[in-house]
Amino acid sequence: DFDFFVVVDFEATCVKDARIFPQEIIEFPAVLVDGATGRIESAFRRYVRPKHHPVLTQFCRELTGIRQEDVDGGVDLGEALWLHDAWLKAATAGAGNKRSVRLAVVTWGDWDCRTMLEFECRFKGIEKPSYFDQWINLRVPFQAALGGGGRVNLQEAVRAAGLDWEGRLHCGLDDARNTARLLAELMRRGVKITITGSLAAPPPMQKQPARTSPCGGSPALASAPPPIQQQPARTAPAVAPLRRACATAGWRAEET
């Protein structure tokens with residue numbers, strides 16, 4: 001049902017045996033997977049400069065392999081989202097003559113989209129593309145096909161599927177690539193891959209009688225993901241106040 005899958009695995013600021021507030025994304029990786037073949041088509045990574053805790057803890061550096069100079073030279077989250085959007089458009093531009101491309105975001109767990117990205121964008125007033133409002137938690141189809149319960153981590157799942165782990169654990173890009181390889185293996189086995197999680201959509205605009213409240217329910221997003229739409233060219237990144245969490249960022253060509 002999807003032309004492409006975009007697999008993400010964010011890394012964020014952290015401390016040992018405690019919580020950090022606000023937690024901020026410091027590595028923004030993505031891997032593009034062909035929805036028909038399971039082949040990895042392209043990859044993206046930007047390091048993100050944290051605003052509230054700019055100096056990484058030793059624990060965070062050792063866990064993720066991210067150096068202080070990586071984040072010091074990084075971009076802010078709004079620009080990372082914009083650059084990712086530009087990369088995605090460029091990487092899917094050759095998908096036939098379609099006016100839109102149907103894609104789904106894939107994660108291992110719900111944390112990346114439901115918690116981390118959503119919270120930070122709301123906290124900082126950053127717009128994000130609407131395709132991040134729905135995702136496939138690959139843990140769900142993995143457990144349906146191979147079992148293992150909710151305690152299986154990504155590395156264990158990759159090995160349970162008969163694959164060798166590649167790269168460094170907790171390197172966001174390596175984790176995303178391994179998730180993409182697991183996705184391809186599940187596709188090869190004929191496992192159904194569908195949307196498993198979403199954020200609530202805002203209530204629809206409706207005409208209201210005089211002096212009555214316009215408030216309504218917040219229906220869940222439909223199961224089909226929003227297509228990528230062609231957008232007018234932009235000359236500079238825009239980080240606007242969050243008028244709506246699922247607003248779509250602009251496009252700009254960026255090297256893969």
Side-chain angles (χ1 to χ4, degrees), residues 6-14 19-32 43-56 60 64 66 70-92 103-107 109-135 137 172-173 175-176 197-203 218 221 225-255:
V6 57
V7 183
V8 299
D9 193 296
F10 303 126
E11 298 299 325
T13 51
C14 54
R19 294 186 178 183
I20 190 170
F21 181 87
Q23 193 170 31
E24 298 171 279
I25 292 170
I26 54 176
E27 183 186 358
F28 192 127
V31 174
L32 187 68
F44 169 91
R45 175 163 67 182
R46 288 294 182 276
Y47 290 110
V48 183
R49 183 174 57 253
K51 176 181 178 181
H52 295 276
H53 301 280
V55 179
L56 302 182
C60 186
T64 65
I66 298 172
D70 293 329
V71 295
D72 287 345
V75 298
D76 63 33
L77 179 60
E79 186 170 357
L81 282 161
W82 183 61
L83 292 171
H84 172 270
D85 211 34
W87 161 78
L88 191 56
K89 176 180 180 292
T92 60
L103 68 86
V105 172
V106 178
T107 62
D110 293 317
W111 175 85
D112 297 88
C113 291
R114 184 185 297 281
T115 303
M116 188 63 244
L117 183 62
E118 173 69 2
F119 165 78
E120 189 172 356
C121 285
R122 286 184 176 274
F123 185 80
K124 294 182 176 179
I126 297 171
E127 293 182 350
K128 64 181 173 66
S130 59
Y131 45 75
F132 282 115
D133 289 346
Q134 299 186 102
W135 62 91
N137 174 0
L173 184 56
D175 286 356
S198 67
L199 301 173
S218 297
L221 291 173
I228 302 177
Q229 300 289 348
Q230 296 288 342
Q231 302 290 330
R234 297 173 62 175
T235 59
V239 181
L242 184 64
R243 294 185 297 273
R244 190 168 73 91
C246 61
T248 303
W251 301 111
R252 188 183 78 173
E254 178 69 15
E255 182 181 357

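Quick note: numbers below take in every heavy atom, side chains included, and nothing from hydrogens, waters or symmetry partners. Residues: numbered from 1 along the sequence shown. What you are looking at is a predicted structure, and each value in this text was computed from that prediction instead of being measured.
- Considering CG of L88 and CZ of F44, their distance stands at 9.5 Å, rounded to 0.5 Å.
- In this structure the side chain of L77 reaches within 4.5 angstrom of the side chain of F28, judged on heavy atoms.
- When all heavy atoms are compared, the tightest approach of C113 to V105 is SG-CG1, 3.9 Å.
- Not one N or O on the side chain of Q23 forms a donor-acceptor pair closer than 3.5 Å with the backbone of A12.
- Here D110 pairs with R114, W135, N137 under the side-chain contact (heavy atoms from CB on, under 4.5 Å) rule; sequence neighbours left out.
- Among all heavy-atom pairs drawn from E27 and G172, the shortest one is OE1-N, 2.9 Å.
- Taking the six-membered ring for Trp and thresholds of 30 and 60 degrees, F132 and H84 have ring planes inclined between 30 and 60 degrees apart.
- Distance check: R45 CZ to W87 CH2 gives 13.0 Å after rounding to the nearest 0.5 Å.
- Scanning both residues, Y131 and L103, for their nearest heavy atoms gives CB-CD1, 4.1 Å.
- Between L81 and L117, some side-chain heavy-atom pair lies under the 4.5 Å cut-off.
- The two residues D112 and F10 come nearest to each other via the heavy atoms OD2-N, 2.9 Å.
- Scanning for side-chain contact (heavy atoms from CB on, under 4.5 Å) contacts around F123 gives F21, P22, H52, F119, with sequence neighbours left out.
- Side-chain contact check for I25 versus M116: some heavy-atom pair is nearer than 4.5 Å.
- Contact record, A176 with V7: O-CG1, 3.5 Å, taken as the closest heavy-atom pair.
- Residues I66 and C60 have side chains not in contact (no heavy-atom distance under 4.5 Å, counting atoms from C-beta outward).
- Between R49 and D72, the closest heavy-atom pair is CD-O, 4.0 Å.
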